[in-house]
S.K.: 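Take a look at the following structure, please.
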Amino acid sequence: MALAEQTGGETATKSVGDYLLSHLREYGLLFALIAIMVFFQIVTGGTLLRPVNITNLLLQNSYIIIMALGMLIVIVSGNIDLSVGSVMGFIGALAAVLIVNMGLPWLLTILICLVVGGLIGAAQGYWVAYWKIPSFIVTLAGMLVFRGLSLWLLEGQSVGPFPREFQTIANGFVPDIFPAAIGQALAPVFDARQVNVLALITGIVAAAIIVWGGMRKRARNKAYGVVDEPRSFFIARNVIIGAALIFIMYKLSTFRGLPNVLITMGVLTIIYAFLTERTVTGRRIYALGGNQKAAKLSGIKTERLTFLAFVNMGILAAAAGLVFAARLNTATPKAGFSLELDVIAAVFIGGASMSGGVGKIVGAVVGAFLMGVLNNGMSIMGIGIDYQQMIKGLVLLAAVIFDVYNKSKQG
Amino acid sequence: MSALLEMRAITKTFPGVKALDEVNLTVRQGEIHALVGENGAGKSTLMKVLSGVYPAGSYDGEIHYDGALAEFRDISDSEKRGIIIIHQELALVPLLSIAENVFLGNENARNGVIDWQGTFQRTEALLRKVGLREAPTTLVDKLGVGKQQLVEIAKALSKEVRLLILDEPTAALSEADSQALLDLMLELKVQGVTSIIISHKLNEVRRVADTVTVIRDGSTVSTMDARSHPITEAAIVRDMVGRDMAHRYPERQRRAGEVLMEVSDWNVWHPEHVDRQVIRSASLHVRAGEVVGIAGLMGAGRTELAMSLFGRSWGRNVSGTVKIRGQEVDVSKVDRAIAAGLAYVTEDRKSLGLILEETIQRNVTLANLQGVSSGGVLNENAETEVSEKYRRAMNIRTPSVFQKVMNLSGGNQQKVVLSKWLFAGPEVLILDEPTRGIDVGAKFEIYGIINELSAQGKGVLMISSEMPELLGMCDRIYVMNEGALVGELTAAEASQERIMSLIVTE
Ligand SMILES: Nc1ncnc2c1ncn2[C@@H]1O[C@H](COP(=O)(O)OP(=O)(O)OP(=O)(O)O)[C@@H](O)[C@H]1O
Ligand SMILES: [Mg+2]
């Protein structure tokens, strides 16, 4: 064996190709998202990126993304949760019954719903973690049970509407904290009627943080001699991400500003990305999914971790259920029907592995957006639901085939 | 004799690693050819090139087989030509019978319907040939590793093998099983089968090999012919490590202190066969600075003893007490055992020791994440520093600690497992076959690490099937047989004969 240093010259020229090869998946996902957006932007004659449509896109996909965060953890830990769609629908129904029928205050209702979500997760996680019953079976049962429970709870009827405050969870916007005068002053510059300065600044700050974080990581990698992303890639990637972020926020700022759900989603994504990548607990989840026996023999409480992954999933499914109910302003017995499949698909498109131990939060979020843009774009084009389903299915298959192919090439 | 196989100037690169650099290998018709070299030298990679695991086009150089240029696209391609490789990780299906495994993928069928009668008959004939006395219907699950190895060979023989490749076939076998396997190889040679054997056990190499090729750092160093003049182990070692090695075991100051760990009346029952007691009232102790060995045959219960001590990771109805420095400690869960100061380096590194998909860095820190985090938040810089430190100290051969463990050679994987447990900072380190599949040079390094630990006043409990290793390293040796500790010998008293006689008289 000869180490890289010893074959110096050769590897230096090869490294860009090598790097691209070994990170093809991550770039592929990002570029697929961009390509799809550009495609639909063109074929829909610019409708896709209209401020109102972007806002819609975010609202439509918020609950999928919220659940994808939990699903990623469940899948990384080596399990799956098929019940999330039903749980989401059930929690929406529960919220409707508590608020509309029983007149409970909406804040208390939110709290109760999140707790119930956690309990549902605990009930399922218990069997998976401590009785070693395959999660596929347990949550398949859960799917049926909670679908039935929603029907029972709503007595087959739709229940609504919700009070205004509750609706704002999904449909509200963050008020501009900057004086309206600034927004008005800026409006002519952007050729818009008004400008939400908060949204604009949030976009710029977020982009700056991402670039700054990337540069710090890069500096660290350099200090430790890690084979790192070639400079050109790094710059290109950051410019694209930063510009896209600012662009989207600018679009939003010319409409109604930042949707509340965007904040919820953004904050949750950051929290979960941090949890999975930077904390001891996160690392242990990956270890658990990578090799459960080895993880256990390293002193990791594998049962408890599995259990907690499901509790967490339950809470997030409940949160998604609240957003969903608030957005539709009614709870229907059919809510959440087969939504678990969209969530799972998003996680796999985002690069997670069926066998556990592999996957990233950001990947799952991008995967969810990719599906979301596909849905939205095809709907604008007036493509029927039949074709939409087929296309989505093929995209999922293509993503996973790409994964497997990519892996076999490296091995 | 003519050459059956000639590999010319084979070069194979992985991202960042040149695993093979113009390797040449010539194997003559009908011989047993041993391929030796340090961990990571490229032996397994060379055999994967040969058998089509890495298809033609993914490497440079030429393979001439049976007088013609061979370009295999995959394993089945090379199997058709009679090249059969038995990887170190056995590839049998545990819940199928011996017969089903032997003819897996090569079923004795007519129009898709399996002819069981014929299958069993042919299997029986093959089992006789390899000297395995089991019914063809026995589930592979029920066989020990040694017998499973024989099933693999029977499977190879069912396919009209011309060139049999065995990658470290005896690494997991007991002394007796290894001898049987080597005899079988000699037997096959008489029948005209050519074989290549990869092994780190040089005495075995010397016993069976007609020719020895030594590989170092991805290049052929030398080829020795046993028929022209006898090959000595010293000569092989010199070519492997590139220098003379006077001693196989490093010198050490023996200085046992207070009793560090004391296990009393330890009993364990089998997890499935509830009426079978696997460990019978075992009592032992380890002093500070002491290296204590546990000798015994395969199946004596040594691994079961160690794993049950380490957080009851094996067995049920575990009873008995463990004291560390005179204080009784709770070792009923792995994390508690670690907190009490124990560490257990498993014999089965792939399935119990490592997360193969993860990087070296993440494996090294896994058992002690507190050590590289504060407030539950990981400090990746600290992680990199720690793993770099162990990479250097243990001489793990890899371009960086960000390499996936999966891509390391077997010996280097073992060093990663050791690093992981050293970083956990134990008082007592339990080593289960710590040098399995490890080359002589690396063994010496690992012995050095063990000695260093004992010099720091830690206790080491070492399980090994290689008696010379126990005799060379230990201050005291317990002998285990059928779940009980049947004897205890000091370094001065111990010898292979005395250990064996203790096992036999029980
Ligand atoms: N898929 C891979 N990707 C990257 N590097 C690899 C891969 N496979 C092997 N290597 C590297 O190639 C070198 C040779 O490995 P190989 O497994 O052939 O060694 P070996 O001689 O069989 O060692 P051992 O005696 O420890 O089994 C090692 O440095 C290893 O890390
Ligand atoms: Mg090898």
Side-chain angles (χ1 to χ4, degrees), chain A residues 1-8 10-12 14-15 17-23 216-217 219-221 223-228 274-284 286-304 353 355-358 407 409-411, chain B residues 13-21 38 40-42 45 217-219 307 310-311 313 333-339 344 346 348-358 362-363 365-370 372-373 376-378 380-381 384-385 388 397-402 406-407 409 420 424:
Chain A
M1 185 207 71
L3 296 185
E5 301 95 87
Q6 291 157 355
T7 56
E10 201 176 334
T11 47
K14 265 191 177 174
S15 68
D18 277 356
Y19 186 85
L20 187 61
L21 192 68
S22 57
H23 291 75
R216 252 184 47 158
K217 186 155 182 210
R220 180 188 99 85
N221 285 354
Y224 286 92
V226 185
V227 193
D228 199 20
F274 182 81
L275 176 87
T276 51
E277 283 171 37
R278 297 288 310 280
T279 68
V280 170
T281 311
R283 178 65 57 81
R284 289 183 171 158
Y286 283 89
L288 161 67
N291 183 345
Q292 183 168 4
K293 288 185 199 157
K296 193 159 190 183
L297 269 181
S298 301
I300 294 172
K301 299 191 179 91
T302 51
E303 281 104 2
R304 190 157 83 183
S353 147
S355 53
V358 179
K407 212 168 161 183
K409 235 176 126 176
Q410 283 176 46
Chain B
T13 8
F14 297 108
V17 186
K18 203 169 200 174
L20 297 176
D21 190 5
E38 291 181 299
T45 306
D217 286 350
S219 314
M307 286 185 73
F310 191 61
S313 305
K333 289 267 159 56
V334 175
D335 54 318
R336 290 180 197 160
I338 294 175
Y344 169 67
T346 168
D348 187 354
R349 56 181 167 252
K350 287 218 164 122
S351 66
L352 301 180
L354 293 167
I355 296 169
L356 294 169
E357 286 266 354
E358 290 276 20
R362 286 175 166 221
N363 273 283
T365 55
L366 189 62
N368 184 12
L369 287 172
Q370 306 85 277
V372 286
S373 62
V377 178
L378 292 165
E380 283 186 54
N381 294 353
T384 311
E385 266 161 30
E388 268 298 331
R397 303 213 172 180
T398 168
S400 92
V401 292
F402 302 98
M406 192 168 58
N407 295 339
S409 76
K420 167 168 114 177

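Each chain gets a letter, A, B and so on, in the order the sequences are listed, and its residues count up from 1.
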S.K.: Between A/V280, A/I300, A/T279, which is the residue that forms a side chain to side chain contact (heavy atoms under 4.5 Å, CB included) with B/L369?
M.R.: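 It is A/V280, the one option of A/V280, A/I300, A/T279 that forms the side chain to side chain contact (heavy atoms under 4.5 Å, CB included) with B/L369.
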S.K.: Say you draw a straight line from CD of B/E358 to CZ of A/R283; how long is it, rounded to the nearest 0.5 Å?
M.R.: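 Atom-to-atom, B/E358:CD and A/R283:CZ are 7.0 Å apart.
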S.K.: For B/S351, which atoms come within 4.5 Å of any heavy atom of chain A: side chain, backbone, both, or neither?
M.R.: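 Interface part for B/S351: backbone (N, CA, C, O).
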S.K.: Heavy-atom cut-off 4.5 Å, strictly under: side chain, backbone, both or neither for A/Q292 against chain B?
M.R.: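 Contact with chain B is absent: no heavy atom of A/Q292 under 4.5 Å.
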S.K.: Heavy atoms only: give me the nearest A/A287-B/L366 pair and the separation to one decimal.
M.R.: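 It is CB-CD1, 3.6 Å.
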S.K.: For the interface with chain A, which of B/V401, B/L356, B/N381, B/N363 has the highest count of heavy-atom pairs at distances below 4.5 Å?
M.R.: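 Looking at each option in turn, the highest pair count goes to B/N381.
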S.K.: Counting heavy-atom pairs under 4.5 Å to chain A, which of B/Q370, B/R336, B/R362 comes out on top?
M.R.: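 Among the listed options, the one with the most contacts to chain A is B/R362.
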S.K.: Between B/A424, B/G376, B/S373, B/G353, which shows the greatest number of heavy-atom pairs under 4.5 Å with chain A?
M.R.: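 With the most close heavy-atom pairs to chain A, the winner is B/G376.
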S.K.: What is the distance from atom CG of B/L354 to atom CG of A/L297, rounded to the nearest 0.5 Å?
M.R.: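 So the CG of B/L354 and the CG of A/L297 are separated by 11.5 Å.
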S.K.: For B/E380, what residues pass the side-chain contact (heavy atoms from CB on, under 4.5 Å) criterion, not counting sequence neighbours?
M.R.: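 If we apply the side-chain contact (heavy atoms from CB on, under 4.5 Å) test to B/E380, skipping adjacent residues, the hits are A/R220, A/R278, B/E383.
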S.K.: Need one label for B/R349: side chain, backbone, both or neither, based on atoms under 4.5 Å from any heavy atom in chain A.
M.R.: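 When you check distances to chain A, no heavy atom of B/R349 falls under 4.5 Å.
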S.K.: Test your reading of the model: is there a side-chain donor-acceptor pair from B/D335 to the backbone of A/K301, 3.5 Å cut-off?
M.R.: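 No.
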S.K.: Can you see which heavy atom on B/E357 is nearest to which on A/V358, and at what distance?
M.R.: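 The answer is OE1-CG2, 4.3 Å.
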S.K.: Quick check on the interface: out of B/V377, B/I338, B/L352, B/D348, who has the most heavy-atom pairs with chain A under 4.5 Å?
M.R.: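 Maximum pair count with chain A is reached by B/L352.
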S.K.: Where does B/T365 contact chain A at under 4.5 Å (heavy atoms): side chain, backbone, both or neither?
M.R.: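 Interface part for B/T365: side chain.
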S.K.: Applying side-chain hydrogen bond (donor to acceptor under 3.5 Å, both in side chains), name anything that partners B/S409, two or more places apart in sequence or on another chain.
M.R.: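 Result, side-chain hydrogen bond (donor to acceptor under 3.5 Å, both in side chains) vs B/S409: B/N412.
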S.K.: Do A/S298 and B/K420 have a side chain donor and acceptor closer than 3.5 Å?
M.R.: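 Indeed, the side chains of A/S298 and B/K420 share at least one donor-acceptor pair under 3.5 Å.
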